[in-house]
Amino acid sequence: MLIAPSILAADFANLQHEIEMINASAADWIHIDIMDGVFVPNISMGLPVVEAMKRHAKKPMDVHLMIVQPEKYVEAFAKAGAASISVHAEACPHLHRNIQQIKALGVKAGVAINPHTSVSTLSEVIQDIDLVCLMSVNPGFGGQKFIERTYSKIKELKSLIGQCGSSALIEIDGGVNQDNATPLMTAGADVLVAGNFVFTSPNPKEVIERLKNIK
Ligand code: DX5
Ligand code: ZN
């Protein structure tokens with residue numbers, strides 16, 4: 001299981017300290033949420049912050065674009081140091097083209113889908129992508145309640161990936177905690193994003209370690 005702490009829940013006034021904590025932890029990736037106030041009803045951070053984080057980050061930066069017209073910005077995020085970039089299927093009328101654009105930049109290509117979006121939306125692109133970010137909350141905010149229906153979507157996605165011979169990883173984003181981590185792994189998740197669960201703890205590094213060791 002790969003663990004990707006979400007920096008959205010970190011102390012933005014102490015980002016260097018937070019990144020160094022992640023560097024020293026059992027985390028595999030750093031999940032970075034980019035929100036534009038249009039695709040989602042919130043604004044988070046932009047390119048200069050990602051560039052600044054890159055100067056300290058020793059783990060791959062997993063960039064989740066919750067923005068309209070992501071094709072305008074994927075190149076800039078790749079240059080800013082993203083190792084993977086996920087765009088939302090709901091924001092991309094030309095999803096196939098957007099995926100090819102990300103791959104041509106030498107970055108892992110991910111597609112995120114909202115809770116209301118069916119897994120079957122991905123059937124024509126699943127072979128082309130490295131990552132599916134299954135939203136287990138409605139995107140826009142950290143600290144929301146996990147949507148239980150996610151489990152059946154994971155199973156459906158796992159079977160689609162198998163049928164198509166795809167090597168896409170299944171990433172679960174939103175409301176991940178101690179209680180759902182094990183059932184998520186059992187259902188077939190490969191990557192767990194965790195924001196509030198990690199950063200509201202007095203010992204975030206220990207929480208990351210616990211997630212990493214779930215059985
Ligand atoms: C939600 C973001 C998530 C968020 C997860 O729009 O995409 O990555 O940071 O935060 P928690 O783990 O607090 O739900
Ligand atoms: Zn996210």
Side-chain angles (χ1 to χ4, degrees), residues 1-12 15 18-19 21-22 25 27-46 49-50 53 57 59-68 70 73-74 77 82-92 102 107-117 129-150 153-154 169-185 189-201 204 207-208 210-212 214:
M1 179 67 81
L2 301 177
I3 306 300
S6 172
I7 208 74
L8 184 68
D11 177 357
F12 280 13
L15 272 182
E18 302 283 50
I19 303 265
M21 180 281 292
I22 296 174
S25 78
D28 297 280
W29 299 349
I30 305 177
H31 185 82
I32 303 176
D33 289 308
I34 307 296
M35 304 177 181
D36 65 355
V38 180
F39 181 70
V40 287
N42 194 12
I43 297 175
S44 57
M45 66 192 103
V49 179
V50 177
M53 286 196 280
K59 313 255 170 160
M61 299 200 302
D62 173 41
V63 172
H64 176 193
L65 295 181
M66 283 159 275
I67 64 175
V68 297
Y73 300 99
V74 290
F77 280 103
S84 51
I85 298 179
S86 295
V87 294
H88 266 266
E90 303 85 0
C92 296
I102 298 171
V107 172
K108 288 199 171 86
V111 175
I113 58 170
N114 281 339
H116 78 274
T117 300
I129 61 184
D130 301 296
L131 182 68
V132 176
C133 177
L134 264 192
M135 292 308 302
S136 39
V137 297
N138 283 293
F141 302 92
Q144 301 183 81
K145 191 175 175 295
F146 178 82
I147 297 171
E148 297 290 323
R149 169 112 184 108
T150 307
K153 289 180 84 176
I154 297 175
L169 297 176
I170 302 178
E171 177 179 60
I172 306 303
D173 189 9
V176 170
N177 58 36
Q178 186 69 43
D179 302 327
N180 54 30
T182 301
L184 284 169
M185 186 184 70
D190 303 299
V191 188
L192 296 182
V193 173
N196 276 260
F197 180 56
V198 167
F199 286 98
T200 58
S201 159
V207 174
I208 295 169
R210 252 194 286 150
L211 281 174
K212 186 69 191 167
I214 53 158

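As the structure lists them, so they are numbered: ligands from 1, and atoms in each ligand from 1. Everything numeric in this text was worked out from a predicted model, so none of it was measured. Any value given below was found using the heavy atoms of this structure, including those in side chains, with hydrogens, waters and symmetry copies removed.
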If you compare all heavy atoms of [X] against all heavy atoms of [Y], which two are closest, and at what distance to 0.1 Å?
{"X": "Pro70", "Y": "Ala91", "value": "CD-O, 3.9 Å"}
{"X": "Pro115", "Y": "Val137", "value": "CG-O, 3.3 Å"}
{"X": "Asn177", "Y": "Leu211", "value": "O-CD2, 4.5 Å"}
{"X": "Asp33", "Y": "Met66", "value": "OD1-CE, 3.2 Å"}
{"X": "His31", "Y": "Asp62", "value": "ND1-OD2, 2.9 Å"}
{"X": "Ala57", "Y": "Ile30", "value": "CB-CD1, 3.7 Å"}

Output the list of atoms in ligand 1 that are nearer than 4.0 Å to some heavy atom of [X], sorted by atom number.
{"X": "Gly174", "value": "14 (O)"}
{"X": "His64", "value": "7 (O)"}
{"X": "Pro139", "value": "6 (O)"}
{"X": "Asn196", "value": "11 (P), 12 (O), 13 (O)"}
{"X": "Leu8", "value": "9 (O)"}
{"X": "Met35", "value": "6 (O)"}
{"X": "His31", "value": "8 (O)"}
{"X": "Gly143", "value": "11 (P), 13 (O), 14 (O)"}

Among all protein heavy atoms, pick out the one at the shortest distance from [atom]; state its residue, atom name and that distance to 0.1 Å.
{"atom": "atom 4 (C) of ligand 1", "answer": "Asp33 OD2, 3.6 Å"}
{"atom": "atom 8 (O) of ligand 1", "answer": "Asp173 OD1, 2.6 Å"}
{"atom": "atom 6 (O) of ligand 1", "answer": "Gly140 N, 2.7 Å"}
{"atom": "atom 1 (C) of ligand 1", "answer": "Phe141 O, 3.5 Å"}
{"atom": "atom 14 (O) of ligand 1", "answer": "Gly175 N, 2.8 Å"}
{"atom": "atom 10 (O) of ligand 1", "answer": "Gly142 CA, 3.7 Å"}
{"atom": "atom 12 (O) of ligand 1", "answer": "Gly195 N, 2.8 Å"}

Phe12 and Glu18: CA distance, side-chain angles, deciding distance, side chain to side chain contact (heavy atoms under 4.5 Å, CB included) verdict: CA-CA 8 Å; Phe12 280 13; Glu18 302 283 50; over 6 Å; no
Any Ala194 heavy atom less than 4.0 Å from ligand 1: yes
So which N/O/S atom does [X] have closest to the Zn ion (ligand 2)?
{"X": "Asp33", "result": "OD1"}
{"X": "Asp173", "result": "OD2"}
{"X": "His64", "result": "ND1"}

Short side-chain donor-acceptor distance under 3.5 Å, Ser84 and Asp130: no
From CA spacing to verdict: side chain to side chain contact (heavy atoms under 4.5 Å, CB included), Ile172, Val193: CA-CA 6 Å; Ile172 306 303; Val193 173; over 6 Å; no
Audit row: Ile113, Lys153, side chain to side chain contact (heavy atoms under 4.5 Å, CB included) steps and yes/no: CA-CA 11 Å; Ile113 58 170; Lys153 289 180 84 176; 4.1 Å; yes
Pairwise distance CD1(Ile34) to CD1(Ile67) - rounded to 0.5 angstrom: 8.0 Å
Within 6.0 angstrom of Phe199 CZ, more than 12 heavy atoms from elsewhere: yes
Per-residue contact class, Phe197 against ligand 1 - non-hydrogen pairs under 4.0 Å: neither
Presence of salt bridge, Asp28 and Lys212, under 4.0 angstrom: yes
Contact flag His31/the Zn ion (ligand 2), N/O/S atoms, threshold under 2.8 Å: yes
